[in-house]
Structure formats: structure tokens, C-alpha cells
Amino acid sequence: MGVFNKLSDSIKKGIRGWLNIQPSSPYSIQINEVLDFELSAIRNRIWYRGDSNELEQMYQQVADYADKYKFWAARSTPGMEMRKIHTGLPGLIVRILSSIVLADMNDFEFNSPAQGQLWKEIEEDNAFKKVVERALKEALYIGDGAFKITIDTKVSKYPMIEWVPGERVELITRSGRLQKVIFKTRIDHEHKVYTLYEHYGYGTVTNEVYQDNMLVDFKTFPPTAALRDYEFDKNLMLAVPFKVFDSAKWDYRGGSIFDGKLDNFDAFDESWSQWMDALRKGRAVKYIPEDLIPKNAENGELMKPNPFDNSFLKIKAGFSEDKDSQIDISQPDIPFESYLSSYTTALDLCLQGVISPSTLGIDMKKLDNAEAQREKEKATLYTRNAIVEALQEMLPDLVESAINAYHVLNNQSTEDVEVSIPFGEYANPSFESQVETVSKARTGGIMSIEACVDELYGDSKEDDWKTEEVTRLKSEQGLLQTDPPSVTGYDQKTGDEYESTG
């Protein structure tokens, strides 16, 4: 074997020398990180807010790299200013995805009725659906965040569930396992800025306050003097992180749904702004001789043009004997098809792999039957399934932590909580199309009446109602099993009464 390896190496060296192949020299590539996770989260938040003034201010403060050439960072030449329009598409995508997911979230199902009743009280006390709605939106466009469970009997007798977005959260992991969640809160006190760090680990809650890099005793610091460190069950953590996608840049952090799309959003805004600018500059202009310009009825002065309704330019009056003064109208040609093509292409790039145009209410000029509708909704379904899966992994942990926090508050032992989070289906076919499909299956003899009723009504009707409906249908169709009729008579010889069936 060793002889074979030596022979192979000598052959390789011989071929390399014959072809004059030089070995590659190692080199390094240095990439400077422009934004950390916190600044990236702030940038995504500004895109979600959708304020054109904030977008322009943000990008014009970026002095280096590719961002300075983007549409929102560009500065117009003096005298050639252009109106910049933000379409609001990023915020719309997040709001629509959040609404279609949470609208299908059903009541939580517990194995223990006592746990279910306790959670119902905690849920009502915290307005839990509003908390989850905010958490889902911010997890989508920021990337991640964490729920913080706090106990303050002066405010509520139940644990309080608070959502903290990702730019105020740090995750401490070991070998890929979560060890601690740190919540950061800014405190302004006596014209100075402090930062409160709340360390939530397994069985512990500790607090630290810093001014810049200097540690401050939080027990003597007035804004945090009421805080205390706590120790409890080592298996319980009163913080639950939440993310939908994984970040490609930061390990163990969540990825924003805007990742890889911000350049497309910028180009989409530019396409729409240029189109509207062309429409404004392409308005019809009237060239009116001076003697035909409308005059003010009071003082006889020439009426000044209004650029939005009666735009015109004054020209010298004609004094030719064979030519009368006339009004000329100039209307530039606007390449509508070119602008529309660039607009739709930019829109497609913004939505690819995230959401279907029809989900946003965009008419794609396709048939609206059930099959076409489901085809158009496939991109939305994929994204929705990822969100639902993330919620079904996170919510049981959050419910268990909240219930056990209540037990800790009341000096009770913690317990395992088994809960399922059911979600309804999205983009179901219409009832008419379901009736048509089920009728064909029934006529073809491949579906029973019981299966037809269950498929049509599903969970919208109780089991008793569906059983009665099956009985009614069988009775109307003559399929119901009934006892044969009986006839009562008398025996003429004995006079005894008898009953005959047939």
C-alpha cells in the first residue's frame, strides 16, 4: 500500500511539472461588518414603520459601502429635486402574515382541567393575544426576542408576561443549549443614561446596572431600588426566546423576514417614485398667446397659471393677417408599459419566497376557482407553516413557565404542563366547491354518507348534530333500516289474537 501511494505521488508531481501547474497560494479576505445585530434590528424597524422621512435620514447617514448609492441615500441635484415615495410594502407583508396566522389559532387544549382553568385566568389578566400579536410581528421583522415573566403582587396576583424585542435581548448559550437570557433596559436618571441588565437563568434572576462600563449598585440606585435577586426551582426559567427563522450572520439568533429583501424594497420604491415623477412632469402644457390669457375680472391683470390644474406658458401674440391666434397644447409621451414592467418585476422580487401577491390583495388576472386560489397561495402557505411550527414549539414552553411561575409565587411545587396549540387550516376551498367534490365522490361510490357529512362540516358542527344529519339523509334517500310492518288478526277457530309480519 505504501509503495502504491509513493508511486501515485510521483505520477502527480510528474504531471504537474509537465503542465507547469503552480500550487495555489493561501490568501485571506477581510470583510468589515457594517451593522451588528442591534443596529440591523433598528434598520428593520425603520423599514417596518414605513416613514419616508426616517428612511432617508437613516440611509443618508451611512457614509460607506453600497448603502450610499441606494435610492433612499441619493441626493437630488439642486433644481432637479424628486419626490421620494415609500410604498409601505414591508410593513404590509408583516401585518398580513401575522393576521392570517393568529386568526387561525384556536383555544389551547390541556390534559389537566385545573391547568387549563389557571391558564385561562393568566391569559385574561395579561391580554395574551395582544402580547403574542406584537411578539410575532417583531420576531418577523427584527428576527427574534424573548418573553419575560415577572412577578409583582402590587400590580397583579398572576405572573405578568412581557415581550422584549431582539435588540434588547442577549442570549447566552453553551454547546448550542440556552443557558441564560439577558434583558437590557435603558434608564434615564438625572441627565445620565444607565442600562439595567436582568439575567434570567435556570432557577435564578439577577440584576446589574451599568453607566457606560461602570457597575452601579442597583439596590441603592433609586430607579431599581425595589428590584431583588431571586432563586427558585433549577428546572424553571422565567424567560422564553422566540424566533421564526435562523439568522445567516449571527449564530443562535433569529433571522428577519426582510433579510435579503431590503435592496429589492429600495428598488421598488425607486421604480414607483420615478413613475409618479414622470406623471407629474408629463402633464399637458398649454401655450397661450398673451391676448388670449384669462384676465382677472377686478383689475385686468393676467391670470397666473396653477401647476396642478391650469398650467400654461405665455407666448407672444400673433399679428399676422392670415393667421389667427391659437392655443397649442403639448402632452409628452409617457412610456407606461416600461414603467409598469419595471414596477411588476421589482414587486415580484420583493415577494418571492415570502408571500403570494393574491394574499396582499393584488389582482394577478387569474381564475378565482378553488384550485387556482390554492396555487396562488402556495408561497404564503410555506411561510405560514414555518410561523405556525415556531409558535407551536414556543407557546407550550411559555404556558408551562407562566403556570409554574404562579406556583412559585404561591410556594407550591412546579409541575409538568401538557398543552397543545391547534391551528385551523388556511385557504380552505369554498363550501360550494366542497359540495361539488364530495357529491362526485358520493356518486362514484367511493365515499359513504358519514364521510361526506364529516368532510363537509368538520369541526364546525357537533358530533351529535352530524349523527342526526346522517340519519336524516339516509331516511330521505330510503337507505334507513326499518322494521317490517306487522298485521294483527284473530284466529277464527280459537279466537286468539295473533301478529303477522311480512
Side-chain angles (χ1 to χ4, degrees), residues 37-38 41-42 118-119 121-128 130-132 134-135 138-139 142 144-174 177-242 252-253 394 397-414:
F37 185 84
E38 293 183 5
I42 294 172
L118 176 57
W119 169 250
E121 296 172 1
I122 297 175
E123 181 182 21
E124 293 176 354
D125 183 70
N126 285 275
F128 185 69
K130 289 293 183 181
V131 177
V132 172
R134 181 191 170 195
E138 294 193 339
I142 288 178
D144 62 17
F147 291 93
K148 180 173 65 172
I149 301 174
T150 57
I151 298 174
D152 189 348
T153 54
K154 295 180 180 179
V155 180
S156 174
K157 66 177 182 179
Y158 297 104
M160 295 179 292
I161 303 174
E162 178 186 358
W163 165 257
V164 181
E167 70 266 29
R168 293 172 46 203
V169 171
E170 291 183 9
L171 304 179
I172 307 300
T173 60
R174 180 183 299 170
R177 305 294 179 90
L178 181 67
Q179 300 297 314
K180 185 185 296 183
V181 179
I182 303 176
F183 298 98
K184 299 176 292 185
T185 305
R186 171 178 169 150
I187 300 175
D188 295 318
H189 180 67
E190 295 182 351
H191 308 290
K192 295 181 181 179
V193 177
Y194 300 84
T195 304
L196 169 64
Y197 291 84
E198 299 174 276
H199 298 253
Y200 278 63
Y202 283 98
T204 62
V205 174
T206 58
N207 303 277
E208 292 178 341
V209 176
Y210 283 87
Q211 182 194 3
D212 295 331
N213 294 324
M214 183 177 65
L215 180 64
V216 178
D217 186 1
F218 75 92
K219 295 180 181 179
T220 59
F221 183 54
T224 61
L227 296 179
R228 294 291 182 269
D229 294 339
Y230 295 98
E231 292 188 0
F232 41 88
D233 192 332
K234 297 298 182 182
N235 295 319
L236 176 62
M237 179 186 289
L238 299 182
V240 180
F242 175 52
Y252 309 115
R253 297 307 300 260
M394 178 274 298
D397 294 338
L398 179 60
V399 171
E400 182 173 8
S401 297
I403 290 177
N404 284 324
Y406 180 83
H407 293 325
V408 170
L409 175 62
N410 292 276
N411 297 320
Q412 301 171 355
S413 59
T414 59

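FYI, the numbering just counts along the sequence from 1.
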Heavy-atom closest pair, residues Tyr406 and Pro159
N-CG, 3.5 Å
Which heavy-atom pair separates Tyr200 from Leu238 by the least distance, and what is that distance?
CD2-O, 3.5 Å
Within the structure provided, determine whether Thr173 and Lys180 are in side-chain contact (heavy-atom separation under 4.5 Å).
no
Would Tyr230 and Thr206 count as a side-chain contact (heavy atoms from CB on, under 4.5 Å) if you check the C-alpha gap in whole Å, the side-chain angles of each, and the deciding distance to 0.1 Å?
CA-CA 7 Å; Tyr230 295 98; Thr206 58; over 6 Å; no
Can Thr195 and Val209 be said to form a side-chain contact (heavy atoms from CB on, under 4.5 Å), step by step?
CA-CA 6 Å; Thr195 304; Val209 176; over 6 Å; no
Ignoring hydrogens and geometry, is there a side-chain-to-backbone donor-acceptor pair from Asn410 to Gln412 under 3.5 Å?
no
Under the ring-ring contact (aromatic ring centres under 6.0 Å, His included) rule, what do Tyr194 and Tyr210 come out as? Steps first, then yes or no, please.
CA-CA 6 Å; Tyr194 300 84; Tyr210 283 87; over 10 Å; no
For the side chain of Ser401 and the backbone of Leu398, is there at least one donor-acceptor N/O pair under 3.5 Å apart?
no
Output yes when a side-chain donor or acceptor of Asn126 lies under 3.5 Å from a complementary backbone atom of Ile161, and no otherwise.
yes
Sub-4.5 Å side-chain heavy-atom contact between Ile151 and Met160:
no
Would Leu409 and Thr153 satisfy side-chain contact (heavy atoms from CB on, under 4.5 Å), going step by step from the backbone distance to the final call?
CA-CA 9 Å; Leu409 175 62; Thr153 54; 3.8 Å; yes
Check: Asn404 side chain, Glu400 main-chain N or O, donor-acceptor pair, under 3.5 Å:
yes
Around Glu231, counting heavy atoms of other residues, nucleotides and ligands shown, do more than 12 lie under 6.0 Å from its CD?
no
Where the side chain of Asp229 meets the backbone of Asn207, is there a donor-acceptor pair that is under 3.5 Å apart?
yes
Side-chain contact, heavy-atom cut-off 4.5 Å: Asp233 with Tyr202?
no
How about Lys130: does its NZ atom have over 12 heavy atoms from other parts shown lying under 6.0 Å from it?
no
Do Glu121 and Glu123 have side-chain heavy atoms sitting under 4.5 Å apart?
no
Cationic tip of Arg253 above Phe37 ring, under 6.0 Å, 45° of axis
yes
Measuring only between side-chain heavy atoms, which start at C-beta, is Leu227 closer than 4.5 Å to Leu196?
yes
Sub-3.5 Å donor-acceptor pair from the side chain of Thr224 to the main-chain atoms of Phe218, do we have one?
yes
Are Val169 and Val181 packed together at the side-chain level, in the sense that at least one heavy-atom pair is separated by less than 4.5 angstrom?
yes
Should Phe242 and Asp144 be marked as a side-chain contact (heavy atoms from CB on, under 4.5 Å) after you check the CA-CA gap, both sets of side-chain angles, and the distance that decides it?
CA-CA 6 Å; Phe242 175 52; Asp144 62 17; over 6 Å; no
Would His199 and Phe183 count as a ring-ring contact (aromatic ring centres under 6.0 Å, His included) if you check the C-alpha gap in whole Å, the side-chain angles of each, and the deciding distance to 0.1 Å?
CA-CA 7 Å; His199 298 253; Phe183 298 98; 10.0 Å; no
Do any pairs count as a salt bridge (charged side-chain N to carboxylate O under 4.0 Å, His left out) and have a residue in residues 148-159, sequence neighbours left out, and if so which ones?
Lys148-Glu162, Lys148-Glu198
Does the Asp212 side chain pair with the main chain of Met214, one donor and one acceptor, at a distance under 3.5 Å?
no
